[in-house]
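Just so you know, residue 1 is the first one in the sequence shown, and it goes up from there. When reading the values below, keep in mind they use all heavy atoms of this one structure, side chains included, and skip hydrogens, waters and symmetry mates.
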Amino acid sequence: MAEGCMMALRYGMVFFNLLFWLGGCGILGVGVWLSVTQGNFATLSSSLPSLSAANLLIAVGTIIMVIGCLGCVGAVKESRPLLLTFFILLLLIFFLEILSIMLFFIYQDEIDHYAQRDLKKGLQLFGTEGNVGLTNAWMIVQTDFRCCGVTNHTDWFEVYNASRVPDSCCLEYSDNCGLDNPGTWWTAPCYERVKDWLNENLVALWIFALCTALTQILGLVFSMTMFCQSVKVETFYA
């Protein structure tokens, strides 16, 4: 009976971590592809230039792959040290995620203020040498969200020292359309537009977060149950 339970747990753990590992491979692959094709795409922050979409995906994908590999090998070999390591790492990540969500809601106003200030500071790097990622990111955001600047289009006046904006702020794109022609510019602030988009997709974001949490909880349950069962089996045969 004990051997049957261990066999079922092993197969369940291997299957779970194989999916976990494959998911990490997919995320890592997308991150590498973005890094190769888009450079530092979505690097909007001047204080955290490495915080790009590509780098985030590469980091998350690598972490998921390592944890999935630990769990899979631990299940196949019935290695208690590997199973325990898998459990501790997954539990640590789970708690860090909960802590991050709590801190976000507690300090939401402060985060908003800091983010807007940092984004405005990043505008100064727009179009400069070595900041292709930031430049491309702002062009894509302003075009896709039909907005201009962080809080309004005048944010760009401090960058250019004149009454002009990037061409990506124009209702209809054309060369030098952002020069001295306010009637053809988007008036909506990008920061609010992105926040509105997130609020509109809040249900999808919460479903994704709950699915992620459920997956992590299943991993914790599987690993700890198998760890405890392996201890019982070893004690029984001893």
Side-chain angles (χ1 to χ4, degrees), residues 26-61 100 104 107-206 208-209:
I27 294 172
L28 178 62
V30 173
V32 172
W33 175 78
L34 271 179
S35 180
V36 172
T37 59
Q38 302 291 336
N40 291 324
F41 168 72
T43 308
L44 295 174
S45 173
S46 60
S47 59
L48 296 171
S50 298
L51 190 64
S52 65
N55 289 343
L56 281 175
L57 289 173
I58 289 172
V60 171
S100 298
F104 174 79
Y107 296 103
Q108 190 168 3
D109 292 339
E110 289 83 351
I111 292 171
D112 272 346
H113 178 73
Y114 172 81
Q116 291 182 47
R117 184 180 62 187
D118 189 57
L119 289 171
K120 287 181 180 180
K121 184 179 177 182
L123 295 182
Q124 302 292 333
L125 303 177
F126 183 87
T128 58
E129 186 177 354
N131 291 290
V132 177
L134 184 143
T135 302
N136 290 340
W138 268 113
M139 290 176 66
I140 292 171
V141 167
Q142 292 186 142
T143 302
D144 290 352
F145 286 92
R146 301 181 177 185
C147 59
C148 189
V150 180
T151 55
N152 56 62
H153 65 275
T154 59
D155 294 335
W156 290 108
F157 294 173
E158 298 179 14
V159 178
Y160 290 106
N161 295 318
S163 298
R164 73 153 299 171
V165 296
D167 293 340
S168 56
C169 279
C170 298
L171 279 70
E172 294 185 8
Y173 180 85
S174 63
D175 290 337
N176 296 319
C177 64
L179 183 62
D180 295 326
N181 198 0
T184 63
W185 303 340
W186 299 115
T187 57
C190 289
Y191 191 81
E192 292 301 322
R193 273 292 175 92
V194 173
K195 282 187 68 176
D196 289 342
W197 179 82
L198 289 173
N199 287 329
E200 289 171 3
N201 294 275
L202 201 58
V203 174
L205 291 173
W206 276 114
F208 175 77

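- Annotation for Phe208: atom CZ does not count as buried by contact number, only 12 or fewer foreign heavy atoms lying within 6.0 Å.
- Residue pairs meeting the salt bridge (charged side-chain N to carboxylate O under 4.0 Å, His left out) criterion with at least one member in residues 132-144: none, sequence neighbours excluded.
- Partners of Ile27 under the side-chain contact (heavy atoms from CB on, under 4.5 Å) rule, at least two apart in sequence or in another chain, are Leu57, Val60, Ile64.
- Applying the salt bridge (charged side-chain N to carboxylate O under 4.0 Å, His left out) rule to pairs touching residues 158-170 yields Arg164-Asp167, sequence neighbours excluded.
- Not a single ring-ring contact (aromatic ring centres under 6.0 Å, His included) links Tyr173 to another residue, sequence neighbours left out.
- Taking CG of Leu202 as the reference point, atom CD of Glu200 lies at 10.5 Å (rounded to 0.5 Å).
- Qualifying ring-ring contact (aromatic ring centres under 6.0 Å, His included) partners for Phe126, counting only residues two or more places apart in sequence or in other chains: Trp156.
- Taking 4.5 Å as the limit, some side-chain heavy atom of Leu123 sits within range of a side-chain heavy atom of Trp138.
- The shortest heavy-atom contact between Leu119 and Val150 is CB-CG2, 3.8 Å.
- Taking every heavy atom of both residues into account, Leu205 and Leu198 meet most closely at CD1-O, 3.8 Å.
- To the nearest 0.5 Å, atoms CZ (Arg193) and CD (Gln142) are separated by 12.0 Å.
- With 2.5 angstrom as the limit on SG-SG distance, Cys147 and Cys169 do not come in below it.
- Partners of Thr143 under the side-chain contact (heavy atoms from CB on, under 4.5 Å) rule, at least two apart in sequence or in another chain, are Ser168.
- Side-chain atoms of Asp155 come within 3.5 Å of backbone N or O of Thr151 as a donor-acceptor pair.
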Result block: side-chain N/O donor-acceptor pairs under 3.5 angstrom for residues 184-191, not counting sequence neighbours:
from   : atom 1 : to     : atom 2 : distance (Å)
Thr184 : OG1    : Asn181 : O      : 2.9
Trp185 : NE1    : Cys177 : O      : 3.4
Trp185 : NE1    : Asn181 : O      : 3.2
Trp186 : NE1    : Cys170 : O      : 3.1
Tyr191 : OH     : Asp112 : OD1    : 2.5

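- Asn201 pairs by the side-chain contact (heavy atoms from CB on, under 4.5 Å) definition with Trp197, not counting sequence neighbours.
- The two residues His153 and Val165 make their nearest non-hydrogen contact at O-CG1, 3.7 Å.
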